[in-house]
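Only one structure is covered here, and it is reproduced in the block below.
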Amino acid sequence: MHHSAEGLVSEAGSSPRSGALLQRGRRVEAPVIRGWGSGWAPVLDRAAGSHVWDVDGRRYLDLSGSRATVAIGHSHPRVVARVREQAGLMMHCSAERFSAVRIDLLERLQESAPEGLDRVALATSGSSANELALRLGLAATGRRDVLCFSGGFHGNDGLARTLSARRRSNDVAQLSGGFRVHYAPFPDPATAIRDGRTLDDVATECLDHLEDRLADPYGGFGTPGVAFIEPIQGSAGIIVPPDHFLRRLLTICRRQGILLVADEVQTGFGRTGAMWAMDHLAERPDLLTFGKGVGGGLAMAGVLGRGELMAALPSGDHGTTFVTNALNLAAAAEALGVLRDEALVKRSHDLGGRLLMRCQEVLGPLQRVMDVRGRGLMVGVELADDRHEASTAAELASAVSAACRDRGILLSVSGRRRSVLKLSPPLVVSAADLMEAVDVIGQQIKANSEG
Ligand code: PLP
């Protein structure tokens, strides 16, 4: 996996060719796009399975699954063939006409949906799917308050942006005026560890707090019409809440008539070792949003829900031009077939279990590792600040990620404190590559820690 290229690695790990292309890219792209400021070497031009190659032919293991988006592997041959075939037949079909490929995808999605969530509305991004779920929930309940959780991430576009807990997003909520978002606390393992408490206790306290706020006429809360939750928080740093937290939240929601939206944009499509993360609880939400891996590499997202709820908005009220693009639909339909035929959900469960154990064994004991957690092939390794404050956890995480890149492994850093190494590889990754990568990460954490 490691392709050393002595003498070639220059600024930010880039080779001369990567470096020259980066310069060109920086000259033309607006810095508002993520990655621009961070150097973002290497420049990639090819991918297959769980690997990507840069413009100089160096190979990298895509341990982040390109932000947890590549589930069935990069450029899966079946998806490539299906897209090629579809391109020759019809590339685009607008939403007002059904296409055969659209019906194929809708039926496959329905087959894999949690029981009862048998209506589908497609979208082109997770953000747009969440926005639709929000509007459906508010329309169905006639309420205007929305419940979200600290650390939650639900998208960057349009109204979905207002659901994300990061403070900068709230401006849109002020402007939109049509609804109010309230944030309840989500259990944070780092805080629990710092305070010497169990995550179970913290989770219970979070919901006690929510119930108090809901019951308090002076709590500033109207009863929410809809609640958004990531069953496992992704961007916040792979935070797996105790099952009792989600179960009790569902009970609270049912009691108060709050519609629960499980945002499974990141956790869905086998990522956590079940088709949907809510399947682990044998519970179903009112609405479920999906995206990322479902598209097999192209843009596909949407909402699943019960028939009456999915009819809460007028016909034709949702959708953007490319939501029914035939190439995207074909890729997603084939990706669902691959997930089933290659038993990738089970693979995510089994290999994910081994990965978590290996991380706990190899990384857990390291001085600068605070916590190792995850479910399926969605594992987070949270780093700690140096006791002598020589380097913060965020600095160490970014140094480890850069060092791993130079050893042929692409690793994302995420988390509320940017201190979590995120392992969400393609579900087809080989066990040998994965275990070797954990060793490399361990070596790099040690090498970049003091002493
Ligand atoms: N919801 C979750 C849980 C996500 O992780 C993301 C993206 O990272 C989104 C929503 C937004 O999806 P998109 O980037 O496709 O708009």
Side-chain angles (χ1 to χ4, degrees), residues 32-35 62 64-71 121-137 146-166 168-169 172 181 183 186 226-241 246 260-272 274-278 285 287-304 318-323 325 328 331-332 335 374-380 412-416 418 420 422-425:
V32 68
I33 295 286
R34 194 206 288 273
D62 186 7
S64 80
S66 297
R67 299 207 161 259
T69 299
V70 178
L122 300 176
T124 37
S125 70
S127 306
S128 159
N130 281 327
E131 188 169 319
L132 175 60
L134 170 66
R135 294 194 305 114
L136 284 167
V146 179
L147 177 64
C148 291
F149 286 86
S150 59
F153 181 74
H154 302 287
N156 257 332
D157 277 356
L159 296 179
R161 191 183 165 92
T162 63
L163 302 174
S164 302
R166 248 184 101 178
R168 69 173 167 77
S169 314
V172 187
V181 183
Y183 297 94
F186 194 90
V226 52
F228 279 78
I229 189 126
E230 292 167 82
I232 295 176
Q233 286 192 332
S235 299
I238 319 265
I239 301 185
V240 190
L246 292 173
L260 187 85
V261 181
D263 177 345
E264 296 238 23
V265 170
Q266 194 162 150
T267 53
F269 204 64
R271 173 59 52 199
T272 72
M275 182 66 193
W276 308 107
M278 292 300 283
L287 295 169
L288 184 154
T289 57
F290 61 86
K292 288 195 182 274
V294 176
L298 293 187
M300 187 50 62
V303 183
L304 288 162
H318 159 76
T320 45
T321 304
F322 284 107
V323 76
N325 178 266
N328 293 0
R375 204 159 198 177
L377 282 171
M378 186 173 182
V379 169
S412 291
V413 173
S414 73
R416 295 166 76 161
R418 310 288 307 155
V420 181
K422 192 169 164 186
L423 283 64
S424 48

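Numbering of ligands and ligand atoms starts at 1, following listing order. Along the sequence shown, the residues carry numbers beginning at 1.
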As an exercise, identify every atom of ligand 1 less than 4.0 angstrom from a heavy atom of [X].
X    : value
S127 : 11 (C), 12 (O), 13 (P), 16 (O)
N130 : 1 (N), 10 (C)
D263 : 1 (N), 2 (C), 3 (C), 10 (C)
E230 : 3 (C)
Q266 : 5 (O)

### Query
At what distance is the nearest protein heavy atom to atom 9 (C) of ligand 1, and which residue and atom is it?
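Going atom by atom, the protein heavy atom closest to atom 9 (C) of ligand 1 ends up being V265 CG1, 3.7 Å.
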
### Query
Quick one: does E264 get a heavy atom under 4.0 Å from ligand 1?
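Not so, E264 does not reach ligand 1.
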
### Message
Below 30° counts as parallel, above 60° as perpendicular, anything between as tilted: where do the rings of F186 and F149 land?
### Response
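Rings of F186 and F149: perpendicular, over 60°.
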
### Query
Atom CG of L122 and atom CG of L304: how far apart are they, to the nearest 0.5 Å?
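Output value for this atom pair is 9.0 Å.
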
### Message
Quick one, Q266 with R67, criterion side chain to side chain contact (heavy atoms under 4.5 Å, CB included). Give me CA distance, side-chain angles, the key distance, then yes/no.
### Response
CA-CA 9 Å; Q266 194 162 150; R67 299 207 161 259; over 6 Å; no

### Task
Check K292 against ligand 1 and report side chain, backbone, both or neither, counting heavy atoms closer than 4.0 Å.
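Under 4.0 Å from ligand 1, K292 contributes side-chain atoms alone.
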
### Task
Please confirm whether the backbone N or O of G376 pairs with a side-chain atom of R271, one donor and one acceptor, at under 3.5 Å?
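It does not hold such a pair.
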
### Min side-chain heavy-atom separation V379-I238 under 4.5 Å
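Not in contact.
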
